Amino acid sequence: LVHSTDLTWQDCNLMADVQGMVLLEYSHSPDPIVLGQPYKITRRFRSLLDRPINNLTERFWGTNRTAAEVWGPTFERGPFSRCGREQYQTACPLEPHSEFVFSESHPTTHVA
């Protein structure tokens with residue numbers, strides 16, 4: 001089982017010239033995520049910019065703790081666009097100061 005308190009969101013705004021958005025809400029179901037079962041992740045954001053967001057790119061990487069203070073990579077995806085028509089994307093441009101949601105269904109998790 002993966003408990004929500006074990007998950008971490010990293011805001012990589014230091015990689016940009018300015019912080020362009022803020023995470024308002026994160027959830028996943030089931031909670032906790034059950035290894036070997038499909039799950040859904042939902043994240044809600046707000047744009048902090050005074051101009052539209054025309055392109056939004058995400059890079060994801062996951063780690064797990066195998067022992068105290070020992071973290072190892074699990075998998076990595078991206079970079080990929082969050083703008084588009086796929087179920088994990090949203091229509092762009094995103095209006096200034098708007099709120100937007102990404103809600104994606106994930107297939108059955110693998111058991112390591």
Side-chain angles (χ1 to χ4, degrees):
L1 300 177
V2 177
H3 298 280
S4 61
T5 57
D6 296 336
L7 297 176
T8 302
W9 168 266
Q10 181 181 352
D11 181 356
C12 298
N13 68 62
L14 296 177
M15 297 172 68
D17 295 333
V18 296
Q19 181 177 358
M21 56 192 237
V22 62
L23 177 68
L24 300 174
E25 181 181 0
Y26 170 88
S27 66
H28 57 265
S29 62
D31 187 6
I33 293 172
V34 179
L35 291 177
Q37 299 294 318
Y39 60 99
K40 182 176 182 176
I41 294 177
T42 302
R43 294 175 289 169
R44 188 168 57 95
F45 296 91
R46 180 185 311 117
S47 169
L48 301 175
L49 300 175
D50 294 328
R51 61 187 183 277
I53 297 174
N54 294 308
N55 182 26
L56 188 58
T57 302
E58 180 174 337
R59 178 178 171 237
F60 176 86
W61 64 94
T63 59
N64 67 348
R65 187 169 49 193
T66 56
E69 304 300 319
V70 179
W71 291 88
T74 55
F75 65 95
E76 183 173 340
R77 297 286 187 265
F80 56 91
S81 179
R82 281 294 187 167
C83 295
R85 295 179 184 217
E86 300 295 329
Q87 67 97 16
Y88 61 89
Q89 295 175 315
T90 193
C92 289
L94 300 165
E95 294 301 316
H97 303 284
S98 64
E99 290 186 12
F100 49 97
V101 174
F102 297 116
S103 185
E104 63 261 3
S105 296
H106 293 266
T108 300
T109 58
H110 67 280
V111 178

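One is the number of the first residue; the rest follow in order along the sequence. Computed from a predicted model, the values in this text were never measured in an experiment.
- Partners of Glu104 by salt bridge (Lys or Arg N to Asp or Glu O under 4.0 Å), not counting sequence neighbours, listed by chain and number: Arg43, Arg82.
- Under the rule for a side chain to side chain donor-acceptor pair (under 3.5 Å), Gln87 has no partner lying at least two apart in sequence or in another chain.
- Here Gln89 pairs with Ser81, Glu86 under the side-chain contact (heavy atoms from CB on, under 4.5 Å) rule; sequence neighbours left out.
- Among residues two or more places apart in sequence or in another chain, the side-chain contact (heavy atoms from CB on, under 4.5 Å) test is passed with Ser27 by Thr42.
- Residues His106 and Ile33 form no side-chain contact, since every pair of their non-hydrogen atoms from C-beta on lies 4.5 Å or further apart.
- For residues 22-59, no pair satisfies disulfide (SG to SG under 2.5 Å), with sequence neighbours left out.
- Cluster partners of Phe80 are Tyr88, counting Ile, Leu, Val, Met, Phe, Trp and Tyr whose side-chain heavy atoms approach within less than 4.5 Å, directly or via other members.
- A continuous path of hydrophobic side-chain contacts links Phe102 to Leu23 [ILVMFWY only; heavy atoms under 4.5 Å].
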Please tabulate, one pair per line, all N/O donor-acceptor pairs under 3.5 Å involving side-chain atoms of residues 45-53, not counting sequence neighbours.
from  : atom 1 : to    : atom 2 : distance (Å)
Ser47 : OG     : Leu49 : N      : 3.2
Asp50 : OD1    : His97 : NE2    : 2.7

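- Contact between Ser98 and Glu95 at its shortest, heavy atoms only, is OG-O, 2.7 Å.
- With a 4.5 Å cut-off on side-chain heavy atoms, Met21 and Phe100 count as touching.
- Considering only heavy atoms from C-beta on, Tyr39 stays 4.5 Å or farther from Asp31 through its side chain.
- For the disulfide (SG to SG under 2.5 Å) condition, the pairs that include at least one residue of residues 61-98, sequence neighbours left out, are Cys83-Cys92.
- Take Ser29 and apply the side-chain contact (heavy atoms from CB on, under 4.5 Å) test, not counting sequence neighbours, and it matches Lys40.
- Pairs passing the disulfide (SG to SG under 2.5 Å) check and including a residue from residues 35-75, sequence neighbours excluded, do not occur.
- Among residue pairs with one or both ends in residues 27-58, none qualify as disulfide (SG to SG under 2.5 Å); sequence neighbours excluded.
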